[in-house]
Asker: 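Here's a structure for you.
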Amino acid sequence: MSVRNGREFLSIPGPTTVPDAVLQAMHRPAVDIYGGELIGITDSCLADIGRIMGTTGRTYIYIANGHGVWEAALTNVLSRGDRVLVLESGRFAAGWGGMAEVMGVEVETLPGDWRRAVDPAALQSRLQADRVGAIKAILVVQVDTASGVINDIPAIRKSIDAAGHGALLMVDTIASLATMPYAMDAWGVDVTVAASQKGLMTPPGLGFVGVGDKARKAYETAGLRTRYWDWGLRDGQAHYMKYCGTPPVHMLFGLRRALDLIFEEGLDNVLLRHRLLAGAVRDAVAVWSTGGVLAFNIPDPAQRADSVTTVIVGAGHEPRALLDYCRNKCGVTLGIGIGDLEGKAFRIAHMGHVNAPMILGTLGVVEMALNALAIPHGKGGMQAAIEGLARAVPA
Ligand SMILES: *Cc1c(COP(=O)(O)O)cnc(C)c1O
């Protein structure tokens, strides 16, 4: 018995649901890459990525996923033997650091854990102890997609300044750009990395880097530069070289449409929509959690991301049955727990092209699964989500 047939929901935190308008924009013949409309599309996408990042600095579009732009960012500002400080708050900053290590960069981790945001005070004391300025860059994610935490980037900047330290601040916004407020220049971020397949509602395959003046200065002496990632080669007028080769034509048509959707809705409203829908998810999870089995991975409500919610499954239950039920019986694919939370949690994504029926549908299916599997849970989670949204979105 299943009630699966119909439109299925991909509720994983990337790749996210691609709007039909974006898919349709990509469904077209290839075009000239040396002239014509694509040149303007590149320029406008570069400008609009900067607008969403909140920077007037240079931006780059790479044919790459998030891992690719991690590498792009590192190679352009670091040299072999440099030290970076990774601010742990889940899985992804450590992954970025791991990539640096393979490149011959010395990696130090500011220990954190999977259940809370980076502690700015701990960062400040570590930086104060680095009197010789050995740490060249600080790597941090804004939203960690595994733990579901949001890090306070302005507070991290304040700690660096309070310590009087000159390290570059490099921020991964792959899961947060266009889902939560971000202001690269105003927050004093030196390098921002992002990717197409989460808040930006475009298929996986494009990565973005925003570069501030200080990072641009570091670029001049960076020994790890390689031809494909190199910013300098991409800075000229030649359209072909902006991608170090053939542009990703169809991806650019898709990205252009996705950016149009964001600006047509208004970036502020996009962020508000994420906050409200995330609130609905949290309202439901809070009620379910009173049953003693489910719990928020991030106990502090102020540290929960508006992009994804990570829910721990405890008390002898495991998430597999719930994930299987939601997918096989109802056509809703939830995120699995990854890293330290593998086999211990599930994730509900609420980023990108999502609206109230999609979120309420997903929550309804989770609650249905909790019932069908007789997993103890507080009753009325759906009701709480509906009531919260109805208050937040008045007639
Ligand atoms: C998804 C994600 C990545 C990795 O991106 P890929 O495209 O899978 O390489 C990195 N950082 C964060 C915060 C992410 O959410």
Side-chain angles (χ1 to χ4, degrees), residues 10-18 49 52-53 60-75 84 86-100 102-103 112 114 117-118 138-153 156 169-182 184 189 191-210 228-229 248 251 254-255 258 274 278 297-298 303-310 333-342 345 347-352 354:
L10 185 63
S11 301
I12 66 173
T16 61
T17 299
V18 180
I49 290 294
I52 297 177
M53 286 182 176
Y60 299 91
I61 301 174
Y62 290 95
I63 301 172
N65 58 16
H67 283 69
V69 285
W70 275 349
E71 185 162 320
L74 297 168
T75 60
V84 298
V86 169
L87 311 185
E88 189 193 4
S89 63
R91 180 192 182 98
F92 287 96
W96 196 1
M99 191 160 255
V102 173
M103 291 161 58
W114 279 63
V118 169
I138 294 161
L139 310 184
V140 63
V141 298
Q142 188 184 18
V143 166
D144 188 283
T145 325
S147 67
V149 84
I150 167 87
N151 284 311
D152 186 343
I153 305 300
I156 287 169
L169 175 56
M170 302 175 67
V171 181
D172 171 339
T173 65
I174 294 170
S176 51
L177 200 68
T179 76
M180 296 194 74
Y182 186 73
M184 178 171 168
V189 175
V191 178
T192 300
V193 300
S196 53
Q197 78 273 21
K198 298 187 185 179
L200 295 175
M201 308 181 291
T202 304
L206 296 180
F208 312 103
V209 182
Y228 183 72
W229 302 122
M251 292 294 293
L255 175 66
H274 279 83
N297 181 53
I298 303 298
Q303 297 183 353
R304 293 176 192 148
D306 290 342
S307 344
V308 57
T309 298
T310 303
T333 303
L334 300 170
I336 57 170
I338 58 172
D340 284 10
L341 295 175
E342 197 181 325
R347 293 177 296 161
I348 303 171
H350 29 88
M351 60 170 91
V354 283

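When reading the values below, keep in mind they use all heavy atoms of this one structure, side chains included, and skip hydrogens, waters and symmetry mates. Counting starts at 1 for both ligands and their atoms, in listed order.
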Asker: Do Met351 and Pro13 touch side chain to side chain, with heavy atoms closer than 4.5 Å?
Answerer: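 Result yes, sub-4.5 Å side-chain heavy-atom pair found.
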
Asker: Examine the side chains of Asp172 and Trp70 and answer whether a donor and an acceptor come within less than 3.5 Å of each other.
Answerer: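 Yes, a side-chain donor-acceptor pair sits under 3.5 Å.
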
Asker: Go through the steps to decide whether Ile153 and Leu169 satisfy the test side chain to side chain contact (heavy atoms under 4.5 Å, CB included), and finish with yes or no.
Answerer: CA-CA 9 Å; Ile153 305 300; Leu169 175 56; 4.3 Å; yes

Asker: Check the pair Ile348, Leu334 against side chain to side chain contact (heavy atoms under 4.5 Å, CB included), reporting the backbone distance first and the verdict last.
Answerer: CA-CA 6 Å; Ile348 303 171; Leu334 300 170; 4.2 Å; yes

Asker: Is there a side-chain contact between Ser307 and Thr145 (heavy atoms, below 4.5 Å)?
Answerer: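 They are not in side-chain contact.
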
Asker: With side chain to side chain contact (heavy atoms under 4.5 Å, CB included) as the test, would you mind laying out the steps for Phe92 and Ile174 before giving the verdict?
Answerer: CA-CA 10 Å; Phe92 287 96; Ile174 294 170; over 6 Å; no

Asker: Name the residues with a heavy atom less than 4.0 Å from ligand 1?
Answerer: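 If the criterion is a heavy atom under 4.0 Å, then ligand 1 touches Asn65, Gly66, His67, Trp70, Phe92, Val143, Thr145, Asp172, Ile174, Ala175, Gln197, Lys198.
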
